Amino acid sequence: MTALAGSDPDGTAPARTVAARLKADPLVRNSFFLMATTALAAGSGFVFWIVVARLYSPAEVGWASSLLSVVILLTYFSGLGLGSSLIRSLPTSSARTEHVSSALVAVAVTGTVLGAGFAIVAPFVAPGLSFLSGTFAHVVMFALLAMAAAQNLLTDSVFVALRAAKYNMFVNGILMSVVKLALPIVFVSTGAIGIFLSSTLASAVAAIVSVILISRRLHIAVRPRLHPRTLRATLRYSLGNYASNCLNLVPLLVIPLLVLHLLGPVASAAYFVAFQIANFVNAVPYAVGEALFAEGSHEQEDLKHLAKRAALLILAIVTPAVIVTIALAKPVLALFGSAYAADASNCLIVLALSAFAVAFNTWSGFLLKVTRQLTAMNAANLAYAVVTVTLAAFGAQHGLVWIAAAWGVGNLTAGLVGFVALALHRLRRDPGDQPRRRRTETGDEAIPVPVLPRRGRFR
C-alpha cells in the first residue's frame with residue numbers, strides 16, 4: 001500500500017518532534033551544556049594529572065596539587081555569593097551592566113586581597129611554599145591568578161542566568177582544557193610552580209574570553225566600575241548564599257582529614273578515588289539544578305511545574321548512571337590498582353546510591369534559592385554539615401562504607417529540611433488575589449493586580 005502524502009512510514013517523525021521539543025526547552029538545553037562542561041573539564045583534568053605525573057617529580061606534584069586546592073578554596077571564598085545573586089537578578093533586571101560590572105569588581109578586589117594574604121602567610125604555614133613570597137612579584141602573580149580563577153567562576157553564572165550555558169562549554173570545557181593541557185610542557189623546567197601556572201593561567205585565559213563573550217554576545221557592556229546601590233540591593237541575598245556555600249564546603253574539607261587521621265593514607269587514597277568517581281553522577285543534579293535556578297529566575301513558568309520537570313529530568317539521568325556506576329565499580333577501580341578495587345568498591349557503591357539523596361538535596365536547595373528562602377537554605381546546609389561530619393566521625397572506625405553512608409544521610413537530612421521549608425512556604429502563600437510586588441533599586445513597589453500563574457512561586 002502506498003503511504004499517504006505527508007505520512008511518516010518509518011515512524012521517525014514523533015522521535016524528531018520529541019528531540020526538537022527537548023532542544024527548544026531551555027531547562028534541558030542549559031542542563032545538557034552544563035553536564036557537557038563538567039564531563040569535558042573532568043576528562044581534561046584526568047589527562048592533565050597523567051601528563052604532569054610523567055613530566056614532574058612526585059614532590060613537585062604534591063606541592064602543586066596542595067597549592068591548587070588552596071586556589072579552589074580561595075575562589076569560592078572570594079565569590080561572596082554574587083554568582084547566585086546574578087543568576088537570580090539578571091533574567092528580569094533592566095540594569096544588567098551595573099549588576100555584572102559591580103560583581104566582577106567586588107570579586108576582583110576580594111580575590112586579590114585573599115590571594116595576596118595567603119601568599120604572604122603561606123611560608124609560615126607550609127615552608128615548602130616559601131617561593132610564593134620570595135619576591136613582591138611572586139605575591140602579585142599569585143594574587144592575580146587566584147583572582148582570575150574567581151572571576152572565571154563568576155562569569156559562569158552570567159551565562160547560566162541568561163540561558164547561554166553553551167559558552168560555559170566552549171570556554172571551560174574546550175578552550176580552558178586545551179590551554180591547560182598544553183602548558184605543562186612549556187613550564188616543565190620551573191618545577192611545582194609550573195604545574196600551578198599551567199592550571200591557573202588556563203583559568204585566567206578563560207576569564208578574559210568570558211568577559212569578551214559577555215560583552216559581545218550577551219551585549220552587556222562590562223566596565224571596571226562599582227555600583228554601590230546595585231550591590232546593596234542584592235547584599236542580603238548574596239551574603240545568605242555566601243554563608244550557605246561556606247557551610248556546604250565544610251564536609252568536603254573535614255571528611256578527607258577525618259579519613260586520613262583515623263584510617264590512614266591508604267584508606268584516604270581509596271576514599272578520594274571513590275568520591276571522585278561518584279562525583280560524575282552528582283554533577284548531573286547540580287547541572288539541572290543550576291538550570292532550574294536560572295529558569296525559575298526568569299519567572300516565565302509556574303515554578304511547581306518547572307520543579308516537577310527538573311525532578312523528572314534528574315531521575316531520568318541519575319537512575320541509569322547509578323546502575324552503571326554500581327555495575328562497573330570494581331572494574332573501574334581496578335584501573336587504579338588492585339588495592340583500590342578491594343578497599344573502595346563498597347564505598348563507591350554506597351556513594352553511588354547516595355546520589356539520589358544528593359539529587360534530592362540539590363533540587364530542594366535550588367528551589368530555596370529561587371524562592372529567596374535564605375534562612376531555610378542555611379538551615380538545610382547547616383543540617384547537612386553537622387549530620388554528615390558527625391556521622392562520619394563516629395562511623396569512621398567501622399570503615400569507608402560508613403563514611404559514604406554518612407554522606408548520603410547528611411544530604412537526605414538537608415533535602416528533607418529544604419522540602420519542609422518549601423511546603424510551609426506554599427502554605428503561607430495565599431493563592432487569592434494578592435498584590436504582586438516589583439523589585440526596584442530602592443525597594444519593593446506594589447502592583448495592584450492578581451498573582452499570575454506564570455510567576456516564579458512554589459505553589
Side-chain angles (χ1 to χ4, degrees), residues 27-49 69 72 75-76 79 83-84 87 152-153 156-157 159-160 165-174 176-177 180 203 206 244-245 248-249 251-252 255-256 271-295 310-329 332-333 347-367 369 381 384 388 404 407-408 410-412 414-415:
L27 175 68
V28 176
R29 189 171 63 248
N30 253 8
S31 299
F32 167 79
F33 284 122
L34 291 173
M35 284 185 280
T37 302
T38 300
L40 288 169
S44 66
F46 184 76
V47 175
F48 173 79
W49 286 109
S69 296
I72 292 173
T75 296
Y76 282 101
S84 296
I87 294 177
N152 186 42
L153 184 64
D156 291 347
S157 298
F159 296 131
V160 172
K166 62 182 179 181
Y167 295 121
N168 291 60
M169 186 182 73
F170 169 72
V171 174
N172 293 331
I174 300 175
M176 186 172 166
S177 296
K180 185 176 179 179
S203 294
S244 180
N245 292 338
N248 206 267
L249 288 173
L252 297 176
I255 290 181
Y271 177 78
F272 175 81
V273 170
F275 191 81
Q276 295 306 310
I277 295 173
N279 259 348
F280 280 103
V281 182
N282 295 334
V284 172
Y286 189 83
V288 179
E290 274 207 307
L292 165 65
F293 184 23
E295 289 307 303
L312 291 174
L313 180 60
I314 290 172
L315 283 175
I317 303 175
V318 168
T319 300
V322 168
I323 294 172
V324 170
T325 302
I326 292 174
L328 299 180
V332 170
L333 288 169
C347 176
L348 177 55
I349 290 172
V350 175
L351 286 173
L353 290 172
S354 297
F356 292 108
V358 173
F360 181 44
N361 182 26
T362 303
W363 176 81
S364 63
F366 275 109
L367 284 173
K369 284 188 177 186
N381 277 290
Y384 155 71
T388 304
W407 171 258
N411 274 277
L412 179 60

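Because the structure is predicted, anything quoted here is derived from the model rather than measured.
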Checklist entry - After noting the C-alpha distance and the side-chain angles of Y384 and N248, does the key distance pass the side-chain contact (heavy atoms from CB on, under 4.5 Å) rule? => result CA-CA 8 Å; Y384 155 71; N248 206 267; 3.9 Å; yes
Next on the checklist: As a quick check of understanding, evaluate ring pair (Phe, Tyr, Trp, His ring centres under 6.0 Å) for F366 and Y286, giving each step before the final call.
Outcome noted: CA-CA 9 Å; F366 275 109; Y286 189 83; 5.5 Å; yes
Next on the checklist: Apply side chain to side chain donor-acceptor pair (under 3.5 Å) to residues S44 and K180 and explain how you reach the verdict.
Outcome noted: CA-CA 8 Å; S44 66; K180 185 176 179 179; 5.5 Å; no
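Interatomic distance, CG of L292 versus CG of L313, reported as 10.0 Å (0.5 Å rounding). Expressed to the nearest 0.5 Å, how far CG of L348 lies from CG of L353 amounts to 9.5 Å. Note that CG of N381 is 8.0 Å distant from CG of N245, once rounded to the nearest 0.5 Å. With values rounded to the nearest 0.5 angstrom, N282 atom CG is found 8.0 Å from L351 atom CG. Separating the CD1 atom in I72 from the CG atom in L252 is a distance of 11.0 Å, to the nearest 0.5 Å.
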Please table the atom pairs, donor to acceptor, closer than 3.5 Å between any side-chain atom in residues 317-326 and protein atoms at least two apart or in another chain.
unit_1	atom_1	unit_2	atom_2	d
T319	OG1	L315	O	2.8
T325	OG1	A321	O	2.7

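The side chain to side chain donor-acceptor pair (under 3.5 Å) test applied to E290 returns no partner, not counting sequence neighbours.
Using a 4.5 Å heavy-atom threshold, the side chains of N168 and F33 count as separate.
Scanning both residues, P256 and P251, for their nearest heavy atoms gives CD-O, 3.8 Å. S364 approaches A414 most closely through the heavy-atom pair OG-O, 4.5 Å. Closest approach of A291 and N30 over heavy atoms only: CB-CB, 3.8 Å. M176 and S203 make their closest contact through CE-OG, 3.1 Å (heavy atoms, listed as atom of the first residue, atom of the second, distance). Between V160 and A294 the shortest heavy-atom distance is O-CB, 3.3 Å. Shortest non-hydrogen contact noted between V281 and A355 is CG1-CB, 3.7 Å.
Aromatic ring orientation, F275 versus W407: perpendicular (interplanar angle above 60°, classes split at 30° and 60°).
Side chain to side chain, T37 and N172 fail the donor-acceptor criterion of an N or O pair below 3.5 Å.
Taking a 6.0 Å sphere around CZ of F32, one finds it holds 12 or fewer heavy atoms contributed by other residues, nucleotides or ligands.
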